[in-house]
2 protein chains.
Amino acid sequence: MKATDSRNLHGHVIRELGKRIVVGDLRPGDILPREEVLAESMDVSRTALREALKVLSAKGLIESRPRVGTRVRATHFWNQLDADVLSWRCASMPTDDFIEKLVEMREIIEPAAAAAAARRRTATQLSNVELAYRKMEAARDPEEWAAADLSFHDAVLQATGNELMISLFSVVESALGMFFVLSAKTAGNFSYSLPHHLKVLEAIRRKQPEVARKAMQSMIEDSLANLHKKRKGGSKKAS
Amino acid sequence: MKATDSRNLHGHVIRELGKRIVVGDLRPGDILPREEVLAESMDVSRTALREALKVLSAKGLIESRPRVGTRVRATHFWNQLDADVLSWRCASMPTDDFIEKLVEMREIIEPAAAAAAARRRTATQLSNVELAYRKMEAARDPEEWAAADLSFHDAVLQATGNELMISLFSVVESALGMFFVLSAKTAGNFSYSLPHHLKVLEAIRRKQPEVARKAMQSMIEDSLANLHKKRKGGSKKAS
DNA sequence: GCTCGAAATTTATCATACAAATGCACCGTG
DNA sequence: CACGGTGCATTTGTATGATAAATTTCGAGC
């Protein structure tokens with residue numbers, strides 16, 4: 001699942017430098033130390049360091065040029081939707097600001113996905129959504145229910161047949177997953193969220209895009225309202 | 001602007017292998033030749049090859065393990081929103097299927113962005129949108145108008161203050177730009193597209209999210225209808 | 001037949017050397 | 001003094017060869 005492999009050495013270097021850049025320890029315009037000394041300071045060979053730098057360069061975080069060195073690029077060059085960049089931001093963000101941006105993306109994607117699914121779903125894709133719904137119905141404990149809920153949303157996404165949307169959703173969802181424990185997100189909705197899901201399912205079955213969109217919209221609204229209610233009370237975040 | 005640097009040698013290797021994978025010449029599950037022979041076959045050192053492989057690995061296209069080799073990963077692991085992956089797909093896609101998916105993403109992003117901009121725009125962000133609109137008014141030829149149009153949409157995106165949305169839009173837009181010549185996309189709309197833009201601008205000024213969303217929606221609808229009309233007639237694509 | 005371990009293969013990492021690019025200072029010239 | 005070209009120094013880019021680590025495979029021993 002995770003993008004940069006933790007096993008390998010250069011993976012460690014990627015994360016270490018990537019975090020320092022994303023967090024702001026290294027700021028745009030800053031020039032990193034020469035490869036030779038940077039390699040030594042991180043206790044790896046120049047070869048391994050360079051492989052890491054190339055990856056960070058591919059993510060748009062840095063830019064290397066002969067004679068001048070490797071410079072941290074301006075934030076608008078960063079691949080903000082890269083799974084690593086996102087996770088590094090999530091790993092240390094005190095402000096709720098960023099979470100709200102992630103939530104906003106989710107609010108945009110899901111209704112659109114429901115509509116697209118209603119428009120283009122195949123028979124098997126529909127039955128997958130239905131299967132997920134059945135699992136939600138049958139769920140006994142919050143963990144089961146959370147897993148079924150996730151598979152429901154995933155089935156809807158798959159039914160869109162648009163891999164760009166699927167990829168976007170999975171990236172955003174996994175980033176949000178770093179903040180909210182799944183069960184915490186869904187536990188309270190247990191009771192009255194099921195009808196919402198049924199509405200989405202039925203709209204997709206009947207190929208009614210606008211109905212599906214609105215149903216998904218109100219589902220999310222309720223979910224968020226419920227979440228806010230809970231946050232005033234007790235635990236809510238991780239990390 | 002472009003992601004992988006063409007100047008360097010390993011950049012060439014990245015593109016070469018990346019394209020072959022994305023296009024389907026190399027299929028998921030396939031094992032690439034050993035690094036040593038692959039390096040020779042591409043006429044680069046193993047060092048340069050490995051740097052390229054690491055980048056492709058970061059994009060989710062491949063996965064390397066000792067003793068087993070480098071394997072092409074399943075498509076659902078790919079970073080579909082990566083600028084390179086997207087551009088490689090655009091570089092050789094005979095079907096209109098993929099373009100429609102890109103257009104769908106655009107249709108999703110832009111109205112949502114207009115709404116978000118109306119909700120949160122600062123004074124200076126508003127004036128930037130206004131400035132772009134003025135440039136559209138003042139445009140004399142299609143090139144000027146196309147540039148102003150782009151800066152209008154960019155200003156709206158910036159006004160959302162959500163860098164995730166900005167990044168998503170820029171990626172999708174640049175991919176679409178590989179298919180449609182800018183002037184071709186906008187030339188026909190010259191006359192009657194301006195009022196649409198004005199509506200969006202005014203809604204953002206008055207902080208009316210839903211009005212802004214709908215205005216942007218109908219703008220895109222008209223734009224696409226106009227485009228389809230033109231495609232039946234004359235030129236439309238590039239590659 | 002099963003388990004455990006040795007061997008073989010491939011990637012991972014390292015060290016070193018050289019090539020290429022490029023900013024910068026220096027020098028010559030008008 | 002201003003200006004432009006030219007060589008030098010520095011840093012990344014590439015190549016080569018060697019060793020370490022991981023992991024599959026196969027065989028030996030029980």
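Reminder, nothing fancy here: chain letters follow the sequence lines and each chain counts from 1. These numbers come from the heavy atoms of this one structure, side chains and all, not from hydrogens, waters or symmetry mates. A quick note: this is a predicted structure, and the numbers were derived from the prediction, not measured.
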Open item on the list: Of all nucleotides in DNA chain D that come within under 4.0 Å of a heavy atom of chain A, which is furthest toward the 5' end and which toward the 3' end?
Closed with: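 Result: dA9(D) to dT14(D).
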Open item on the list: Between Arg34(B) and dT10(C), is there a contact of a side-chain N or O with OP1 or OP2 at under 4.0 Å?
Closed with: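 For Arg34(B), the contact criterion (side-chain N or O under 4.0 Å from OP1 or OP2 of dT10(C)) is met.
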Task: Stepwise side-chain contact (heavy atoms from CB on, under 4.5 Å) test for Arg27(A) and Arg20(A) - done: CA-CA 9 Å; Arg27(A) 289 162 52 177; Arg20(A) 276 207 269 167; over 6 Å; no
Tell me the interatomic distance from [X], atom [atom1], to [N], atom [atom2], rounded to whole angstroms.
X: Glu36(B); N: dT11(C); atom1: CD; atom2: P; result: 9 Å
X: Arg71(A); N: dT22(C); atom1: CZ; atom2: P; result: 13 Å
X: Leu53(B); N: dA12(C); atom1: CG; atom2: C1'; result: 12 Å
X: Arg67(A); N: dG23(C); atom1: CZ; atom2: C1'; result: 5 Å

- [ ] For Arg120(B) and Glu100(A), run salt bridge (Lys or Arg N to Asp or Glu O under 4.0 Å): C-alpha distance rounded to whole Å, both residues' side-chain angles, the deciding distance at 0.1 Å, then the answer.
- [x] CA-CA 13 Å; Arg120(B) 297 194 298 267; Glu100(A) 283 170 18; over 6 Å; no
- [ ] List the steps and the verdict of side-chain contact (heavy atoms from CB on, under 4.5 Å) for Ile204(B) and Val156(B).
- [x] CA-CA 9 Å; Ile204(B) 291 176; Val156(B) 172; 4.0 Å; yes
Atom pairs, protein N/O to nucleotides 13-15 of chain C N/O, distance under 3.5 Å:
residue, atom, partner, partner atom, Å
dT13(C), OP1, Leu9(A), N, 2.4
dC14(C), OP2, Ser45(A), N, 2.8
dC14(C), OP2, Ser45(A), OG, 3.0

Just the table, please: protein N/O against nucleotides 3-5 of chain C N/O, every pair under 3.5 Å.
none

TODO: With sequence neighbours left out, write down each residue that passes side-chain contact (heavy atoms from CB on, under 4.5 Å) with Gln158(A), or none if nothing qualifies.
DONE: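 So Gln158(A) forms a side-chain contact (heavy atoms from CB on, under 4.5 Å) with Asp154(A), Ile166(A).
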Open item on the list: Under the rule for side-chain contact (heavy atoms from CB on, under 4.5 Å), what residues qualify as partners of Ala113(B), not counting sequence neighbours?
Closed with: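 Ala113(B) satisfies side-chain contact (heavy atoms from CB on, under 4.5 Å) with Leu157(B), Thr160(B), Met165(B) once adjacent residues are dropped.
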- [ ] Mark yes or no: Arg106(A) above the aromatic ring of Phe169(A), with NZ or CZ under 6.0 Å from the six-membered ring centre and no more than 45 degrees from the axis.
- [x]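 No, Arg106(A) does not lie over the aromatic ring of Phe169(A).
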- [ ] Using salt bridge (Lys or Arg N to Asp or Glu O under 4.0 Å) as the criterion, list what pairs up with Arg50(A), not counting sequence neighbours.
- [x]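 Checked Arg50(A) against salt bridge (Lys or Arg N to Asp or Glu O under 4.0 Å); matches are Glu35(A), Glu51(B).
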- [ ] Step by step, work out the side-chain hydrogen bond (donor to acceptor under 3.5 Å, both in side chains) result for Gln80(A) and Arg89(A).
- [x] CA-CA 10 Å; Gln80(A) 303 279 3; Arg89(A) 291 189 67 168; 3.0 Å; yes
- [ ] Might you confirm whether atom CD of Glu144(A) has over 12 heavy atoms from other residues, nucleotides or ligands at distances under 6.0 Å?
- [x]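 Counting neighbours around CD of Glu144(A), more than 12 heavy atoms of other residues, nucleotides or ligands fall under 6.0 Å, so yes.
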Task: CA sep, side-chain torsions, deciding dist, call: Ile21(A), Trp88(A), side-chain contact (heavy atoms from CB on, under 4.5 Å) - done: CA-CA 9 Å; Ile21(A) 292 173; Trp88(A) 295 332; over 6 Å; no
Open item on the list: If only side-chain N and O atoms count, and only distance matters, is there a donor-acceptor pair under 3.5 Å linking Ser64(A) with Thr70(A)?
Closed with: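 Thr70(A) vs Ser64(A): no donor-acceptor pair found between side chains.
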